[in-house]
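First up is the structure itself, then whatever we jot down about it.
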Number of protein chains: 2
Amino acid sequence: MKPAALTWAISSSLPSLRKSERKVAEFILANLTNVIRMRIVDLAEKAEVSEPTVVRFCRAVGCEGFQDFKLALAQQLASSPSYGQIAVTDQDSVAEYTFKVFDSTVDTLLKVRDSLDLKMLDQAVQALCVANRVEFYGFGASAAVATDAQHKFFRLQVSAAAYADPHLQNMSAASMAPGDVVIAISQSGRTTTLINAMERVKSRGAIVIAIAPSDSPVANAANIPLTIDVKEDFQIYTPLSSRIAHLVLIDVLAIGVAQHKGGRLQEHLLEMQLGLEVLREPLENH
Amino acid sequence: MKPAALTWAISSSLPSLRKSERKVAEFILANLTNVIRMRIVDLAEKAEVSEPTVVRFCRAVGCEGFQDFKLALAQQLASSPSYGQIAVTDQDSVAEYTFKVFDSTVDTLLKVRDSLDLKMLDQAVQALCVANRVEFYGFGASAAVATDAQHKFFRLQVSAAAYADPHLQNMSAASMAPGDVVIAISQSGRTTTLINAMERVKSRGAIVIAIAPSDSPVANAANIPLTIDVKEDFQIYTPLSSRIAHLVLIDVLAIGVAQHKGGRLQEHLLEMQLGLEVLREPLENH
DNA sequence: ATTTTTCTGTAAATTATTTACAATAAAGCT
DNA sequence: AGCTTTATTGTAAATAATTTACAGAAAAAT
């Protein structure tokens with residue numbers, strides 16, 4: 001059983017469970033972290049059922065037995081640090097906030113990974129593979145994401161550009177043609193200027209891919225929406241991890257394109273690597 | 001016991017273990033993934049020791065008993081996907097490479113998190129807190145990181161700039177003064193131009209923080225080196241996750257600064273939030 | 001209302017883990 | 001070197017946990 005799917009398996013099989021098994025499920029969902037250290041007797045007592053019922057429950061959600069279930073649960077919890085909430089406080093030490101920032105980022109990435117629409121992603125990759133040129137639009141924090149994306153696609157021998165300036169964006173949009181692709185990146189999903197540019201691009205017959213929250217104007221304005229929802233408490237001490245999710249999603253697109261381009265690309269990358277070498281300090285030999 | 005530290009605890013306590021306990025440790029390290037599904041009898045047999053020895057070993061590495069040990073190990077393995085190797089292949093489906101890209105990024109982040117020098121990090125935060133102005137230097141992929149960092153620090157009411165152009169970088173470097181801080185970002189750690197700019201900044205009496213691989217010329221040229229080592233197979237199909245690690249590290253620095261700045265910042269961020277709102281589409285009410 | 005089926009718990013058996021102790025090996029001492 | 005002491009390991013027993021088999025109860029169907 002894939003660990004990440006366990007709590008989901010529990011919740012989704014809730015209706016099909018027997019009455020007393022459901023008691024077990026409910027108790028477990030309400031006490032995820034404690035359950036992994038419980039013995040079957042304790043759990044049975046707390047859930048007010050008999051021990052065999054617990055075992056039956058474990059089998060019902062696809063595990064071998066109680067031990068196997070606990071193991072799977074422990075793994076899922078370890079891979080989703082969110083279950084213990086992460087929020088940096090005033091009193092945190094360096095070590096504490098460092099861990100929290102990293103953990104919350106990891107948490108975001110895992111959640112995004114599990115919520116992606118793979119069909120859309122595939123469509124996006126297909127579109128990018130046959131594109132004549134690819135441009136990235138983004139403002140604010142997304143401008144950096146666009147720059148990064150441009151750099152990444154450039155390495156893949158795709159003619160790529162990134163615009164953070166509304167004027168340039170609109171000028172570029174006006175020059176788009178069928179066979180071109182624009183990737184619009186927005187964290188809020190509600191940037192008016194960006195939506196205008198997107199409409200213009202669509203009217204020119206080019207394809208617009210959006211990386212934005214679901215149900216947002218930006219996502220809705222796209223031909224291929226890639227939706228990413230990160231609950232972003234806009235408190236200061238909460239780091240903005242949606243940027244990172246956007247970047248990783250673009251990595252996925254790039255990998256998809258690289259895969260399609262296949263072998264010839266490898267040579268190109270090697271050449272580029274060698275080209276960069278002249279700008280560097282020699283490697284020490286120790 | 002903190003799960004992430006388990007295998008480390010095992011390896012590091014190897015010398016202090018007794019002969020037969022070491023047999024257990026060695027077997028476990030060589031069979032991490034299998035061990036979590038083993039019973040104590042199997043493990044004892046495979047490691048050619050008695051069952052109590054296994055229990056003694058578990059206690060020696062800081063666990064309550066065998067069960068507790070297995071749980072901790074399972075959690076650690078779940079939180080480090082790397083133990084099953086991640087490399088995108090030609091035949092991977094969208095789902096496969098998507099997961100691999102996300103997982104390898106997560107893996108990188110967790111490794112970096114555990115290898116950071118927190119003392120240096122604290123020094124960097126201290127320096128940034130009292131800085132008059134902060135500038136970010138980076139080329140290539142690190143240029144996007146620098147842009148992102150600039151944006152992030154700007155939000156924290158720090159006068160920040162980012163330069164990806166060697167000329168601008170050098171001009172800026174020449175205008176540095178004591179009390180200023182430069183953060184030099186490099187994935188290779190060997191960019192000659194960057195090192196020159198760093199030397200110039202240092203000669204002006206400003207502080208240079210480097211984000212670069214350890215033992216690299218860039219790291220060595222800094223007053224405060226923040227070292228990040230990501231084993232980056234320069235194969236095409238391996239995503240560049242060191243960028244992401246750099247970004248997250250900068251998040252940490254930003255959080256550190258935000259924490260020091262304390263309450264007044266909160267108001268500022270709220271104001272800025274409201275300011276951005278006029279550039280956006282209205283929120284739908286559904 | 002009775003039969004059949006499904007569900008749940010009791011009690012027993014199995015299996016796993018841990019403890020107590022004894023034997024052995026290693027180290028220290030005279 | 002030989003004896004004593006201490007440390008290490010395994011054997012066997014006890015404890016504890018999980019699972020199975022079965023029977024009783026509840027629900028559904030006839």
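Please read these numbers as outputs of a predicted model, since none were measured by experiment. Protein chains get the first letters and strands the later ones, always in sequence-line order, with residue 1 at the start of each.
Scanning for side-chain hydrogen bond (donor to acceptor under 3.5 Å, both in side chains) contacts around B:Ser142 gives an empty result, with sequence neighbours left out. Under the side-chain hydrogen bond (donor to acceptor under 3.5 Å, both in side chains) criterion, A:Ser115 pairs with no residue at all, not counting sequence neighbours. Not a single side-chain hydrogen bond (donor to acceptor under 3.5 Å, both in side chains) links B:Asn34 to another residue, sequence neighbours left out. Not counting sequence neighbours, B:Asp117 has no partner by the salt bridge (Lys or Arg N to Asp or Glu O under 4.0 Å) test.
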Identify all side-chain donor-acceptor contacts of residues 47-60 of chain B below 3.5 Å with residues at least two apart in sequence or on another chain.
{"unit_1": "B:Ser50", "atom_1": "OG", "unit_2": "B:Thr53", "atom_2": "OG1", "d": "3.0"}
{"unit_1": "B:Arg59", "atom_1": "NE", "unit_2": "B:Glu64", "atom_2": "O", "d": "2.7"}
{"unit_1": "B:Arg59", "atom_1": "NH2", "unit_2": "B:Glu64", "atom_2": "O", "d": "3.3"}

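We find that A:Arg37 and B:Asp68 are joined by a salt bridge, their nearest charged nitrogen and carboxylate oxygen being less than 4.0 Å apart.
Atoms CE (B:Met38) and C1' (C:dT15) sit 17 Å apart, rounded to a whole Å. In this entry the distance linking CZ of B:Phe69 with C1' of C:dT17 reads 15 Å, nearest Å. At whole-Å resolution of the value, CG in B:Asp42 and C1' in C:dT15 are 12 Å apart. Protein atom CG of B:Leu43 is 19 Å distant from nucleotide atom P of C:dT15, rounded to whole Å. The interatomic distance linking B:Arg18 (CZ) with D:dT6 (C1') rounds to 12 Å, in whole Å.
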Expected rows: protein N/O vs nucleotides 18-20 of chain C N/O, under 3.5 Å:
{"unit_1": "C:dT18", "atom_1": "OP2", "unit_2": "B:Phe66", "atom_2": "N", "d": "3.3"}
{"unit_1": "C:dT19", "atom_1": "OP2", "unit_2": "B:Arg59", "atom_2": "NH1", "d": "3.1"}
{"unit_1": "C:dT19", "atom_1": "OP2", "unit_2": "B:Arg59", "atom_2": "NH2", "d": "3.4"}

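Taking only side-chain nitrogens and oxygens, B:Ser20 never comes nearer than 4.0 Å to OP1 or OP2 of D:dT8. Under 4.0 angstrom from either OP1 or OP2 of D:dT8 there lies no side-chain N or O belonging to B:Thr53.
Each of B:Val41 and B:Lys19 was matched to the nucleotide of DNA chain C holding its nearest heavy atom; the match closer to the 5' end belongs to B:Val41.
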